[in-house]
Amino acid sequence: MNTAGIVVGSFNARVGLPAAIAILRAGGSALDAAVAAVREVEDDLSDRGVGTGGLPNILGQVELDASLMDGQTLASGAVGALKGYPHPIDVARKVMELTPHVMLVGDGADLFARLHGFEPAPLLTSDVEEYWRQTITASRVEDMTLYDRRGERYAGVVRDWTTLLHQEIFGTTNVIARDGQGNIACAVSTSGWGFKWPGRLGDSPIIGAGNYADNRYGAAACTGRGELAIRVALAYNVVRSLREGRPLDHALRAGLGEVNALPDNLEKRAGSMNIVAMGRDGQVAAASNVPDSHYVYQTTDMDTLEVRPRLYVPDAL
Ligand code: GLY
């Protein structure tokens with residue numbers, strides 16, 4: 001068994017890896033390390049897909065989703081569409097630790113955060129607010145109640161929606177950590193699909209879709225267009241393959257192959273899907289259905305993190 005601490009995550013998690021590695025070096029748990037790394041990304045104002053500075057929904061409200069899972073016990077916690085609290089990953093952890101529930105969403109999640117001592121803070125930064133104003137064409141809520149099968153009416157409200165879909169509006173961060181005791185944990189956080197419908201949840205708060213960890217087999221966590229991950233239970237899909245004894249890269253190819261085979265009701269297929277994964281002994285791999293995608297990796301024995309290319313999986317299973 002590898003006894004060094006190990007952390008793997010999406011490319012934007014690089015700002016959080018030093019915090020995770022410091023915790024693991026001090027003998028801290030995988031769960032503490034994964035949460036600490038994600039919290040750093042939530043505070044990164046330049047990241048428009050996570051935490052403070054994240055893109056809002058069509059009404060200009062930043063709604064945050066997060067979840068975490070402890071691979072030793074399979075304990076899990078999640079929040080969805082949380083408004084006004086900058087560290088949804090900490091609120092998700094409290095849900096896991098204090099309640100008999102796994103997931104709280106919307107007003108109930110806000111209330112839980114308030115009553116359990118979390119400090120509210122503004123999440124919509126001035127530059128993102130300006131970007132939202134330039135992007136939304138409707139001035140009245142009534143004009144925003146627009147969906148049709150081809151997405152054309154929605155595209156009429158969100159300026160250049162189709163272009164945005166292919167660029168920058170699916171940000172998320174995820175981190176999987178393994179500590180010296182061999183425990184594995186994962187944590188995920190996102191502001192979700194930029195200019196989303198209020199209340200829309202992606203894969204990030206859904207255990208089994210956005211993340212999954214089980215010490216006995218390994219862990220996986222996803223970023224990208226969450227609807228696709230939900231439909232194939234992508235994180236569990238990968239861990240299930242590991243449980244069946246497949247090597248990591250096979251598990252990743254199989255999971256993304258299922259995503260790539262999904263019928264898609266967006267006229268032009270949009271949105272990447274990416275996975276990071278860890279085997280039970282700490283081996284890591286990552287994959288994406290878009291080329292030139294990267295992830296980050298570090299062990300407690302390494303001085304600095306490594307940026308590594310993901311396996312490119314363009315094909316349907
Ligand atoms: N993967 C994040 C989301 O779809 O909301």
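In listed order, ligands and their atoms are each counted from 1.
- Proximity annotation for atom 2 (C) of ligand 1: of Ile230, Leu228, Thr172, Thr173, Thr172 comes nearest, heavy atoms only.
- For the pair Gln72 and Asp70, the tightest heavy-atom approach, listed with the atom from each and the gap, is N-OD1, 2.9 Å.
- Close approach of ligand 1 to Gly224 is summarised as follows: ligand atoms under 4.0 Å from at least one heavy atom of the residue are 1 (N), 2 (C), 3 (C), 4 (O).
- Counting heavy atoms from C-beta on, the side chains of Asp65 and Pro88 never come closer than 4.5 Å.
- Less than 4.0 angstrom separates some heavy atom of Ser204 from each of these atoms of ligand 1: 1 (N), 2 (C).
- With no hydrogens or angles considered, a side-chain donor-acceptor pair links Asp44 and Ser46 at under 3.5 Å.
- For ligand 1, the polar-atom distance check finds an N/O of Asp203 within less than 3.5 Å of one of the ligand's N/O atoms.
- Screening Ile275, Thr223, Thr190, Leu68 against Asn174 for a side-chain contact (heavy atoms from CB on, under 4.5 Å) leaves a single residue, Thr223.
- Taking the centre and axis of the six-membered ring of Phe11, the NZ or CZ atom of Arg14 falls inside the cone set by 45° and 6.0 Å.
- Residue-to-ligand polar distances keep Gly171 apart from ligand 1: every N/O pair is separated by 3.5 Å or more.
- Taking 4.0 Å as the cut-off, Arg200 counts as a neighbour of ligand 1 on heavy-atom distance.
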